**Q** 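Following this message is one structure expressed as structure tokens.
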Protein chains: 2
Amino acid sequence: MQLRMTNQREIILSELKKSRQHLTADELYDRVKKDMPRISLATVYRNLEILSEAGLIGKLEISGRQKRFDYDVSEHDHIYCAICHRVDNLDIDRQGLHAREIKAVKGYRVSGYRLEIVGICPACQKKQEKKEKEK
Amino acid sequence: MQLRMTNQREIILSELKKSRQHLTADELYDRVKKDMPRISLATVYRNLEILSEAGLIGKLEISGRQKRFDYDVSEHDHIYCAICHRVDNLDIDRQGLHAREIKAVKGYRVSGYRLEIVGICPACQKKQEKKEKEK
DNA sequence: CTCCGTGCAAACGATTTGCACTATG
DNA sequence: CATAGTGCAAATCGTTTGCACGGAG
């Protein structure tokens, strides 16, 4: 099962990379459609799955909502906005955690962990302040 | 909007508490149905949502899969099995993380974080060993 | 040429919602 | 007795799949 670099796959990949955001399949679909109007959403889903399996992009399955895909494949954690669900990459030292983690496993064979910081992004903070004033 | 402690709400709550597991809505539905055969799945969903908003149970939204509900409302993290998706509670010291977290926020107002450790649970490890032998 | 990939529509699994009815406080 | 909660069915949302056709290697 070898990978073919089709036109649609190439565009999906480059559109995600150049976005520098953590897009959902349908957000990406909207962008890709501009270059390739007949592409189908199913193709976007299929390719995102394949690309993330191939290690060319990252897959984010954060807190029960829509999957997002990451242009950055290096190991890192995420912060996301509880209001608008925007996601940003974080640079946290992962060393300290490992020691703590390994003690806590209760019989599990640990393969990794996911750390998500939750908060309110700058844009949504501003919106809240505005609402506050209007009262 | 005051809460009424209906029969179904009470049973859902007590069934989750006594399970000492992290059940999904439909797993809980199956259990509750034994005591109350005419209850509907929608009622289970509605009540789990309400109960978690009221702080009587916890809601777990792990890695893009089905929501699970937590009988334990105290602050804690989780470990889950990458194979069978079983979830267990963890006791990790949350102190060390806070300091690191606050440095990393890039304009976000941080409200908390979620740490999930991923691994393979004892039961699934055994299954794998068995398969290995059979080859 | 061989199959992997595509577009389309239909199928799917989890969850939510509109509605008329019920029952709690 | 007001109105939160229920059961049911249908709707919705994100995602996946079956199929016949198209195109990359």
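Being a predicted model, the structure only gives us computed values, none of them experimental. We name chains A, B, ... by the order of the sequence lines, and we start the count at 1 in each one.
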**Q** May I ask you to decide if B:I12's main-chain N or O and B:E15's side chain share a donor-acceptor pair within less than 3.5 Å?
**A** no
**Q** What nucleotide, of D:dG7, D:dG14, D:dG5, holds the atom closest to the side chain of B:T43?
**A** D:dG7
**Q** Could you list by number each residue of residues 5-39 of chain A showing a heavy-atom separation from DNA chain C of less than 4.0 Å, or answer none if no residue does?
**A** A:T6, A:Q8, A:R9, A:R38, A:I39
**Q** Mind checking whether A:Y71 and A:H22 have ring centres under 6.0 Å apart?
**A** yes
**Q** To the nearest 10 degrees, what angle separates the axes at the start and end of the helix from C:dC1-D:dG25 to C:dA14-D:dT12, five pairs each?
**A** 30°
**Q** With sequence neighbours excluded, what pairs up with B:Y45 under the side chain to side chain contact (heavy atoms under 4.5 Å, CB included) test?
**A** B:A25, B:L41
**Q** Are any side-chain N or O atoms of A:Q125 and backbone N or O atoms of B:G107, one a donor and one an acceptor, separated by less than 3.5 Å?
**A** yes
**Q** Filter on salt bridge (Lys or Arg N to Asp or Glu O under 4.0 Å), then keep only pairs touching residues 31-41 of chain A, sequence neighbours left out; what's left?
**A** A:D30-A:K33
**Q** Measuring from the side chain of B:R46 (C-beta onward, heavy atoms only), which nucleotide among C:dA9, D:dT6, C:dT15 has the closest atom?
**A** D:dT6
**Q** With sequence neighbours left out, what residues match A:H85 under ring pair (Phe, Tyr, Trp, His ring centres under 6.0 Å)?
**A** none
**Q** Closest to the B:S40 side chain: D:dC8, D:dC19, C:dT16?
**A** D:dC8
**Q** Per the atom types in the model, does the base of D:dT3 pair as donor or acceptor with the side chain of B:R4 at under 3.5 Å?
**A** yes
**Q** Could you list the residues that satisfy side chain to side chain donor-acceptor pair (under 3.5 Å) with A:Q8, not counting sequence neighbours?
**A** none
